[in-house]
Amino acid sequence: MTGHTVLQLPVPPLEAWVRERTRSYDAGFVSADPRFGHAHVTALAPFAPAPSASDLAEVGRIAAASAPMTIRLADLGQFPNGIIHLRPEPDGPLRDLTEALVAAFPDFPPYEGRFGPRVDPHLTLDAASATVSLESTRALLGDVVPATCTLTQLQLAWWESGRCRVLHEWPLGRSGARTPVAGSTVEEALFPPPE
């Protein structure tokens, strides 16, 4: 299997922009699932490829203990690997959520530990290239930023060309979960029965 799971927080004000930018690169990563957060801040990735019921319950407990987060997105940045992104402010609650997830799931360090133990919360917009820069991205964004929103959901998303979708989601700050796919388990969502 070539896909992977991501625990992510959807950012609705940037959704249309990121979805269309994704479409311009690879339409296979544009999900037909209306809940899928193309625009998101990653809480932990990659996550367990097939989380157990106890894993899902633990993520739900952590989501319930994390209050909704109001963030402002205005500051554009670029990582050394060329990823152009927006920095959410304040980022403390996002860091706290990631730390809680890493403490609960130490076998899944953020980005497989490639960037060290502490990662910067961000919303990925693009990747620098001969035709893409901070300046061109800023111009394309136009009046989409600055944007302020309240992050209210933590999603378990499957990322794979042609199969991107939400497997599970939890509201921040309260108990409860919703599985918006056919089937009652993550395994059924990942490996649906033939039609």
Side chains of [X] and [Y] in contact at under 4.5 Å (non-hydrogen atoms):
| X | Y | answer |
| --- | --- | --- |
| Leu73 | Glu89 | no |
| Leu44 | Pro110 | yes |
| Glu99 | Leu94 | no |
| Pro51 | Val59 | no |

Calculate, to the nearest 0.5 Å, the distance between atoms [atom1] and [atom2] belonging to [X] and [Y] respectively.
| X | Y | atom1 | atom2 | value |
| --- | --- | --- | --- | --- |
| Thr137 | Asp126 | OG1 | CG | 5.0 Å |
| Asp96 | Ile62 | CG | CD1 | 12.0 Å |
| Leu125 | Gln78 | CG | CD | 11.5 Å |
| Leu86 | Leu123 | CG | CG | 6.0 Å |

Tell me if the aromatic rings of Phe36 and Trp158 count as close, with their centers under 6.0 Å from one another.
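No; Trp158 has its ring centre 6.0 Å or more from that of Phe36.
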
Between [X] and [Y], is there a donor-acceptor pair closer than 3.5 Å when you use the side chain of the first and the backbone of the second?
| X | Y | value |
| --- | --- | --- |
| Asp91 | Pro121 | no |
| Gln155 | Val166 | no |
| Arg174 | Ala67 | no |
| Ser129 | Thr131 | yes |
| Ser136 | Ser133 | yes |

Item checked: For Phe105, ring pair (Phe, Tyr, Trp, His ring centres under 6.0 Å) partners two or more places apart ->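 Listed in chain order: Phe47.
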
Report task. List the steps, then state whether side-chain contact (heavy atoms from CB on, under 4.5 Å) holds for Val18 with Thr124. Result -> CA-CA 8 Å; Val18 172; Thr124 297; over 6 Å; no

Ignoring hydrogens, what is the shortest heavy-atom contact between [X] and [Y]? Give both atom names and the distance.
| X | Y | value |
| --- | --- | --- |
| Ala104 | Glu58 | CB-OE2, 3.7 Å |
| Thr5 | Pro49 | CG2-O, 4.0 Å |
| Ser54 | Ser52 | OG-OG, 3.0 Å |
| Leu154 | Leu9 | CD1-CG, 4.2 Å |
| Thr98 | Ala43 | OG1-O, 2.7 Å |
| Ile71 | Pro90 | CG2-O, 3.9 Å |

Gln8: which of His40, Glu169, Gln153 passes side-chain contact (heavy atoms from CB on, under 4.5 Å):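 When His40, Glu169, Gln153 are each tested with Gln8, the side-chain contact (heavy atoms from CB on, under 4.5 Å) holds only for His40.
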
Show which residues join Phe79 in its hydrophobic cluster (side-chain heavy-atom contacts under 4.5 Å, direct or indirect), or state none.
->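 Members alongside Phe79: Ile83.
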
**Prompt:** So which pairs with a foot in residues 75-84 pass salt bridge (charged side-chain N to carboxylate O under 4.0 Å, His left out), sequence neighbours left out?
**Reply:**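 Sorted pair list: Asp75-Arg87.
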
When you look at His168 and Trp170, which way does the side-chain contact (heavy atoms from CB on, under 4.5 Å) test go after all the steps?
CA-CA 7 Å; His168 216 79; Trp170 302 264; 3.2 Å; yes

Checking Cys164 against Asp33 for the side-chain contact (heavy atoms from CB on, under 4.5 Å) test, could you report, in this order, the C-alpha distance in whole Å, the side-chain angles of both residues, the deciding distance, and whether it holds? CA-CA 8 Å; Cys164 293; Asp33 183 343; over 6 Å; no

According to side-chain hydrogen bond (donor to acceptor under 3.5 Å, both in side chains), does anything in residues 64-73 pair up with another residue at least two apart or in another chain? List the pairs.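 Qualifying pairs: Thr70-Thr150.
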
*Set of residues satisfying side-chain contact (heavy atoms from CB on, under 4.5 Å) with respect to Val30, sequence neighbours excluded*: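 Once residues adjacent in sequence are excluded, the partners of Val30 under the side-chain contact (heavy atoms from CB on, under 4.5 Å) criterion are Arg19, Thr22, Arg23, His38.
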
(message) Test of understanding: with side-chain contact (heavy atoms from CB on, under 4.5 Å), list the residues that count as partners of Glu112, not counting sequence neighbours.
(response)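 In terms of side-chain contact (heavy atoms from CB on, under 4.5 Å), with neighbours along the sequence ignored, Glu112 is linked to Pro46, Arg114.
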
| Are Leu141 and Leu14 close enough, and set up right, to give a side-chain contact (heavy atoms from CB on, under 4.5 Å), and what steps lead you there? | CA-CA 9 Å; Leu141 281 167; Leu14 274 291; 4.2 Å; yes

